[in-house]
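These numbers were taken from a predicted model, which means no experiment stands behind them. Each ligand, and each atom within it, is numbered from 1 in the order the structure gives.
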Amino acid sequence: MTTHQRNISASIDPVKLDRLAEVAVRVGLQLQPGQDLFLTAPVAALPLVRRIAEHAYKAGAGLVTPILSDEQVTLARYRHAPDASFDRAPTWLYDGVAKAFSANTARLAIVGDNPMLLSGEDPAKVARANKANSIAYQPALEKIAGFDINWNIIAFPGASWAKLVFPGDEEDVAVAKLADAIFAASRVDLDDPVAAWAAHNAALRSRTEWLNGQRFHALHFTGPGTDLVVGLADGHEWQGGASTAKNGVTCNANIPTEEVFTTPHARRVDGHVSSTKPLSYQGTLIDNIAVRFEEGRIVEAKASKGEAVLNKVLDTDEGSRRLGEVALVPHSSPISKSGLLFFNTLFDENAACHIALGQCYSKCFVDGTSLTPEQIAAQGGNKSLIHIDWMIGSGEIDIDGVHADGRRVPVFRKGEWA
Ligand code: ZN
Ligand code: ZN
């Protein structure tokens, strides 16, 4: 067992792993001197957690508090817990997390578990557990969605995740390949990743400035299986790359990130749209999604795989049938070019244009951080317990920006910026 573990961590380049930790602290979080940090990670990511703690304290962190999760512990619940367990969540913990966010604690999430971990478990139990968790997490999630504090998500190449992405390889080879893919997408394969991120943020900013200058009323997506008009919320603002949280810290919430995104109008989306990549949703693969919208609401939903789970998700609450995000990513993005399906939204959403069902981001409104939830709703912002991104972009998608007077401007042609 020890030899085995040594092999796995030996297949991850320690220099690049250290750079990833540095990028998470200095770019992803811009952790401030004296600021506390709350982080969650799979146990496999412990080598990265330790490096992050080191960089965080060097940056002046007050207190770093990690919580680790384990795939076997998660599975033990599904296999052995009493039925009533699946309507429960550690509310006491999430209340504490919300309290910490209110006290300006930064948040880091390291993803790396097997995305298909729960695929063999009872879908009803999975749905109940997710719902209980979403409800308990809501007070903390509102502070993340409202961008009260600087937060960041990065990835670590867990062994079972690596085997899913590279099924034909031995475990240590798969981990090495996934590590390289994560490092490249996170720009830590370059000698000066912090400078590379500054340049990348500037490039994304030039896109958002153009889109914000246009002030489109709607975007019209056309492509195979897709003819969709996505109305944009009143006073929407495009975001991409680094942005500034309510606590004044400018951070990169997602690493990697290639998208520019904004808030659709929850009541002005019409037409039909097909997914272009499978969606891995909490252990279930949902493939070939085809939905139809009327006045912002999904009135028809099909999938070739995982349709029951999709329909359960859509029934979560009133907002789960409406859009909370629309995002543009060129087909030539580095993650798209890798040709890999990561089974993980953090990566796959940066390979293609996408839309998200559910909760909107208040930061995607002009002066969004000072708007009340009622004002956001009045301007077309959606509210839900869920936020699920799925890919609708490809090399065949065209997008027109539509002005209020009907004037059209090409935005994307054949999957690339026009
Ligand atoms: Zn997105
Ligand atoms: Zn999203």
Please list, chain by chain and in numerical order, all residues satisfying ring pair (Phe, Tyr, Trp, His ring centres under 6.0 Å) with F261, sequence neighbours excluded.
-> none
Are R207 and W238 in a cation-pi contact, defined as NZ or CZ under 6.0 Å from the six-membered ring centre and within 45° of the axis?
-> no
Taking all heavy atoms of L190 and all of A196, pick out the closest pair and write down the distance.
-> CD1-CB, 3.6 Å
Over all heavy atoms of both residues, which pair between N114 and S160 is shortest? Give the atoms and the distance, please.
-> CB-OG, 3.2 Å
Are there any protein N/O/S atoms under 2.8 Å from the Zn ion (ligand 1), and if so, which?
-> E259 OE1, E325 OE2, E349 OE1, H354 NE2
Residues that D191 engages under salt bridge (Lys or Arg N to Asp or Glu O under 4.0 Å), provided they are two or more places apart = R19
Using a 3.5 Å cut-off and no angle test, enumerate the donor-acceptor pairs between side-chain atoms of residues 95-106 and protein atoms at least two apart in sequence or in another chain.
{"from": "S102", "atom 1": "OG", "to": "A98", "atom 2": "O", "distance (Å)": "3.1"}
{"from": "N104", "atom 1": "OD1", "to": "N247", "atom 2": "ND2", "distance (Å)": "2.7"}
{"from": "T105", "atom 1": "OG1", "to": "A100", "atom 2": "O", "distance (Å)": "3.1"}

